Amino acid sequence: MTGFININKETGVSSAFIVNRVKRLAKTPAGHMGTLDPLASGVLPVAIGNACRLFEYFSDKKKTYLARFRFGVTTETLDGEGEKIFRGDVPAESQIQAALPSLRGKIPQIPPAYSAKSVNGVRSYALARAGKQAELAPKTVEVFSFRLIEQTAPDEFSFEIVCGSGTYIRALARDLAARLGTYAYMSRLERTASGVFHIESAVDLDKLTAENLHEYMIPTEEVLPYPVLNLESPRVFNGLAESVTEKDGLYKLYRSGEFYGIASVKDGLAKAEKKLC
């Protein structure tokens, strides 16, 4: 059994819990493509079997979120589960709109103290829980779109955010508020898309059984964003290079009509990179 299950994660459960549940149902290794905090809900693609080998080959790593930020207060964790620590003013909608462009594009972002980032071999959240101040270096993230949708409460606004992998939405709440001279935390988060996986086609975990798992399985070749390369030469399938006329790049490799894995083409030579069968 190999392929992907597009899970609609509910709030309150961890990504690891879902992966372990799918692993037990499939009776084979499984792994997720980008964790979601327990507070968050939405799209969590889970790879099953040999599909776990292909995470690095998904070039479209854009993720779309619907988030709510509560202004005028923040918490230790930058979400609703942490203790409130600072208070400030609630900005006007026009002020928020004016500040959003500064958080689009490639921007530096300091990860939240309560995150899985490693500091000298220790997780940042472990240091934070122990009352120690972790020195987290900023990293460059990419925010393709950051749009204010509506005001949902006197101190809360909803946003649609499209960003690259590694972007912390909690940190965007913090940084947006800082530009406005106040504080904020993320009060709600739903991931509506992760690459080619979308919320409309996601399945709730409680609907999955060992008997129906295959009905929700998305074949690996259907979600890989590469053109097809059909080869029959035994050279390629024995780890050697074969002359081809295709352009340089990555391809979905087929043999006798069956999906075999990933091939790379460079300077007119094709070689199998990742075998799935």
Side-chain angles (χ1 to χ4, degrees), residues 4 6-9 14-16 18-19 31-47 51-69 77-79 96-97 99-119 123-125 136-149 157-179 184-186 188-202 218 220 223-226 249-250 262 274:
F4 292 87
N6 184 16
I7 302 289
N8 183 11
K9 188 184 97 62
S14 69
S15 299
I18 289 178
V19 168
H32 61 69
M33 291 177 57
T35 187
L36 272 176
D37 290 341
L39 175 68
S41 64
V43 172
L44 183 72
V46 177
C52 294
R53 303 176 184 177
L54 295 179
F55 289 151
E56 63 187 286
Y57 292 98
F58 282 83
S59 58
D60 183 1
K61 296 181 180 179
K62 286 184 181 178
K63 299 175 182 181
T64 303
Y65 295 92
L66 294 178
R68 291 187 183 182
F69 297 165
T77 56
L78 298 180
D79 60 29
I96 295 174
Q97 292 281 22
L100 287 177
S102 67
L103 287 169
R104 297 180 186 132
K106 292 184 178 180
I107 59 171
Q109 185 183 77
I110 298 176
Y114 283 81
S115 68
K117 285 295 180 182
S118 181
V119 181
R123 297 293 188 186
S124 178
Y125 62 75
L136 293 172
K139 64 171 186 175
T140 299
V141 299
E142 189 163 12
V143 178
F144 301 96
S145 174
F146 195 169
R147 182 172 65 89
L148 174 63
I149 299 175
F157 295 82
S158 66
F159 302 85
E160 182 190 65
I161 302 162
V162 183
C163 57
S165 294
T167 305
Y168 286 94
I169 306 302
R170 289 178 289 150
L172 288 178
R174 174 199 65 200
D175 297 342
L176 175 59
R179 281 161 168 74
Y185 68 87
M186 183 187 75
R188 184 175 176 179
L189 184 67
E190 179 187 19
R191 186 158 67 194
T192 58
S194 178
V196 299
F197 301 94
H198 295 267
I199 193 68
E200 292 80 8
S201 58
I218 304 170
T220 305
V223 295
L224 285 168
Y226 304 121
L250 294 175
I262 302 294
K274 190 72 70 171

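Remember, it's a predicted structure, so these values are computed and weren't measured experimentally.
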Enter the distance from [X]:[atom1] to [Y]:[atom2] here, rounded to the nearest 0.5 Å.
{"X": "S194", "Y": "Y65", "atom1": "OG", "atom2": "OH", "result": "7.0 Å"}
{"X": "C163", "Y": "I169", "atom1": "SG", "atom2": "CD1", "result": "4.0 Å"}
{"X": "N8", "Y": "E200", "atom1": "CG", "atom2": "CD", "result": "10.0 Å"}
{"X": "L44", "Y": "F197", "atom1": "CG", "atom2": "CZ", "result": "10.5 Å"}
{"X": "E190", "Y": "E160", "atom1": "CD", "atom2": "CD", "result": "11.0 Å"}

Between [X] and [Y], which heavy-atom pair has the shortest distance, and what is it?
{"X": "C52", "Y": "G31", "answer": "SG-N, 3.7 Å"}
{"X": "K61", "Y": "S165", "answer": "CB-OG, 3.3 Å"}
{"X": "L100", "Y": "L148", "answer": "CD1-N, 3.8 Å"}
{"X": "V43", "Y": "A193", "answer": "CG2-N, 4.0 Å"}
{"X": "G42", "Y": "I199", "answer": "CA-CD1, 3.9 Å"}
{"X": "M186", "Y": "A173", "answer": "N-CB, 4.1 Å"}

Flag the pair [X] / [Y] as yes when at least one side-chain heavy-atom distance between them is below 4.5 Å, and no otherwise.
{"X": "P45", "Y": "V196", "value": "no"}
{"X": "R170", "Y": "D37", "value": "yes"}
{"X": "V162", "Y": "R147", "value": "no"}
{"X": "T192", "Y": "L66", "value": "yes"}
{"X": "I161", "Y": "L172", "value": "yes"}

Side chain to side chain contact (heavy atoms under 4.5 Å, CB included) assessment of R174 paired with I110
CA-CA 10 Å; R174 174 199 65 200; I110 298 176; 3.9 Å; yes
Is there a donor-acceptor pair closer than 3.5 Å between any side-chain N or O of [X] and the backbone N or O of [Y]?
{"X": "R104", "Y": "F146", "result": "yes"}
{"X": "Y226", "Y": "Y57", "result": "yes"}
{"X": "R191", "Y": "A40", "result": "no"}
{"X": "S15", "Y": "L36", "result": "yes"}

Is the cationic atom of K62 (NZ for Lys, CZ for Arg) positioned less than 6.0 Å from the six-membered ring centroid of F144 and within 45 degrees of its normal?
yes
Test side chain to side chain contact (heavy atoms under 4.5 Å, CB included) on Y168 and L78 and set out the steps.
CA-CA 10 Å; Y168 286 94; L78 298 180; over 6 Å; no
Residues, nucleotides or ligands: over 12 heavy atoms within 6.0 Å of R188 CZ:
no
Going through the checks in order, is the side chain to side chain contact (heavy atoms under 4.5 Å, CB included) test met by I107 and T167?
CA-CA 10 Å; I107 59 171; T167 305; over 6 Å; no
Give the intermediate values and the outcome of side chain to side chain contact (heavy atoms under 4.5 Å, CB included) for residues L224 and I262.
CA-CA 9 Å; L224 285 168; I262 302 294; 3.6 Å; yes
